[in-house]
Number of protein chains: 2
Amino acid sequence: MPLDTPVDATDTVAPVADLHTVLQALADPVRLEMVRRLAAGGDGPVRCSALYDGVSKSTASHHFKTLREAGITRRSYVDGVVHHTLRRDELEEALPGVVTSIVTALD
Amino acid sequence: MPLDTPVDATDTVAPVADLHTVLQALADPVRLEMVRRLAAGGDGPVRCSALYDGVSKSTASHHFKTLREAGITRRSYVDGVVHHTLRRDELEEALPGVVTSIVTALD
DNA sequence: ATGCTTGTTCGATGCTCATCAAACTTATCA
DNA sequence: TGATAAGTTTGATGAGCATCGAACAAGCAT
């Protein structure tokens with residue numbers, strides 16, 4: 001559904017952003033919770049609606065965009081609905097330990 | 001020199017704050033650089049003036065307070081001037097790997 | 001077709017916070 | 001006793017951003 005949707009099933013992904021951008025993205029409680037739920041989802045794609053509570057759709061979409069642009073998540077389309085995936089491997093390569101330790105501390 | 005200065009040489013320290021507070025503290029570029037310089041200082045006390053550039057004294061003092069209240073640094077007085085120290089051990093205990101990996105990514 | 005659902009975009013609003021200058025405190029030095 | 005230096009605090013200002021509702025786009029159902 002997005003205007004800039006690619007034809008195939010998965011968005012082209014941006015490189016993982018610099019540390020400051022990643023930390024800024026993770027410093028918001030709503031986004032931190034989104035990442036927590038993505039990690040709890042066993043690293044598979046999770047549908048949008050399962051990633052937030054208590055904020056409006058438009059706010060959630062804004063946070064998705066922030067996470068995506070920081071290189072933390074990837075967007076894909078399964079069963080016609082949007083899903084998000086934690087980019088564990090790329091993050092580990094670019095910023096070893098950072099996201100892993102944060103996710104661990106989140107339990 | 002602070003109004004709430006204890007009599008002895010080192011401030012009483014607050015507990016390490018929760019993950020969200022710590023991330024929020026580290027998400028600012030000025031504070032991130034302060035932490036980088038503290039880490040580069042080999043975990044010893046570093047004098048205030050060596051921890052920042054490009055911002056005013058009052059701004060720097062504000063950032064010091066933020067780091068201290070997040071439990072990331074400790075303030076002490078050596079040779080009559082204020083020093084700051086990275087609380088490596090307490091941070092590692094409260095949030096294993098988080099600050100360590102961030103500092104490592106900072107090199 | 002018509003509607004319903006899902007997600008994005010836009011515009012507006014309000015709050016948080018980074019920043020500075022100025023005044024103040026304490027200590028050190030002449 | 002001044003005078004200077006180092007940090008802190010306060011008050012004000014401005015920018016960024018989290019939030020929402022509304023309008024829109026795309027897909028699926030009936």
Side-chain angles (χ1 to χ4, degrees), chain A residues 1-12 14 17 20-35 37-38 45-70 73-85, chain B residues 1-12 17 20-35 38 45-70 73-85:
Chain A
M1 21 257 315
L3 286 183
D4 58 350
T5 304
V7 183
D8 63 346
T10 300
D11 279 8
T12 49
H20 168 238
T21 302
V22 170
L23 288 180
Q24 196 133 337
L26 296 176
D28 180 272
V30 174
R31 289 191 291 263
L32 198 52
E33 173 65 15
M34 287 174 166
V35 169
R37 297 193 186 185
L38 282 172
V46 181
R47 35 181 249 286
C48 277
S49 54
L51 293 174
Y52 66 96
D53 280 314
V55 294
S56 68
K57 263 191 314 179
S58 53
T59 297
S61 189
H62 158 68
H63 288 307
F64 289 143
K65 186 176 187 180
T66 301
L67 287 173
R68 219 179 318 126
E69 291 180 344
T73 59
R74 180 202 340 279
R75 181 168 56 176
S76 59
Y77 301 84
V78 343
D79 297 333
V81 294
V82 181
H83 283 60
H84 291 271
T85 308
Chain B
M1 3 293 294
L3 285 182
D4 58 349
T5 304
V7 182
D8 63 347
T10 301
D11 280 8
T12 50
H20 167 238
T21 302
V22 170
L23 289 180
Q24 197 134 344
L26 296 176
D28 180 272
V30 174
R31 289 192 291 265
L32 198 53
E33 173 66 14
M34 287 175 166
V35 169
L38 283 171
V46 181
R47 30 180 255 287
C48 278
S49 53
L51 292 174
Y52 66 95
D53 280 315
V55 294
S56 69
K57 265 193 313 180
S58 53
T59 298
S61 188
H62 158 68
H63 287 307
F64 289 143
K65 186 176 188 179
T66 302
L67 288 173
R68 217 180 318 126
E69 290 180 346
T73 59
R74 181 203 337 281
R75 180 168 57 174
S76 59
Y77 303 83
V78 343
D79 297 332
V81 295
V82 181
H83 283 60
H84 291 271
T85 308

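Side chains included, hydrogens not; waters and symmetry mates left out as well; all remaining heavy atoms used.
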Under 3.5 Å, which protein N or O atoms sit close to an N or O of nucleotides 28-30 of chain D? Give each pair with its distance.
none

Could you state the atom-to-atom distance from [atom1] of [X] to [atom2] of [N] in whole Å?
X       : N      : atom1 : atom2 : result
A/His83 : C/dT8  : NE2   : P     : 13 Å
B/Arg47 : D/dA5  : CZ    : C1'   : 13 Å
A/His84 : C/dT6  : NE2   : P     : 14 Å
B/Glu33 : C/dA18 : CD    : C1'   : 17 Å
A/Tyr77 : D/dG27 : OH    : P     : 10 Å
B/Glu69 : C/dA18 : CD    : C1'   : 15 Å

With the criterion being N/O to N/O and under 3.5 Å, what pairs connect the protein with nucleotides 13-20 of chain D, and how long is each?
from: D/dC17; atom 1: OP1; to: A/Gln24; atom 2: NE2; distance (Å): 3.3
from: D/dA18; atom 1: OP1; to: A/Arg31; atom 2: NH2; distance (Å): 3.4
from: D/dA18; atom 1: OP2; to: A/Arg31; atom 2: NH1; distance (Å): 3.3
from: D/dA18; atom 1: OP2; to: A/His62; atom 2: NE2; distance (Å): 3.0
from: D/dT19; atom 1: OP2; to: A/His63; atom 2: NE2; distance (Å): 2.4
from: D/dC20; atom 1: OP2; to: A/Ser56; atom 2: N; distance (Å): 2.8
from: D/dC20; atom 1: OP2; to: A/Ser56; atom 2: OG; distance (Å): 3.2
from: D/dC20; atom 1: OP2; to: A/Thr59; atom 2: OG1; distance (Å): 2.9

- request: Please identify each residue that fulfils salt bridge (Lys or Arg N to Asp or Glu O under 4.0 Å) with A/Asp79, with sequence neighbours left out.
  value: none
- request: Taking salt bridge (Lys or Arg N to Asp or Glu O under 4.0 Å) as the test, write out the residues that go with A/Arg37, two or more places apart.
  value: A/Glu33, A/Asp53
- prompt: Looking at A/Phe64 and A/Thr73, what are the two nearest heavy atoms and their distance?
  reply: O-OG1, 4.3 Å
task: Quick one: closest heavy-atom pair of A/Val55 and A/Val30, and the distance?
output: CG1-CG2, 4.2 Å
query: Can you tell me if the side-chain N/O atoms of A/Arg75 get under 4.0 Å from OP1 or OP2 in C/dT8?
result: yes
task: Respond yes when some side-chain nitrogen or oxygen of B/Ser61 is under 4.0 Å from OP1 or OP2 of D/dG7, and no when none is.
output: no
Expected list for residues 45-52 of chain A: side-chain donor-acceptor pairs under 3.5 angstrom, two or more places apart:
from: A/Arg47; atom 1: NE; to: A/Ser49; atom 2: OG; distance (Å): 3.2

message: Applying side chain to side chain contact (heavy atoms under 4.5 Å, CB included), can you list everything that pairs with B/Ser61, at least two apart in sequence or on another chain?
response: none
query: Do A/Leu23 and B/Leu23 come close enough that some side-chain heavy atom pair is under 4.5 Å?
result: yes
- request: Tell me, with the steps shown, if A/Leu67 and A/Met34 meet side chain to side chain contact (heavy atoms under 4.5 Å, CB included).
  value: CA-CA 9 Å; A/Leu67 287 173; A/Met34 287 174 166; 4.0 Å; yes
- request: Verify, without hydrogens or angle tests, whether B/His20 (side chain) and A/Ala27 (backbone) share a donor-acceptor contact under 3.5 angstrom.
  value: yes
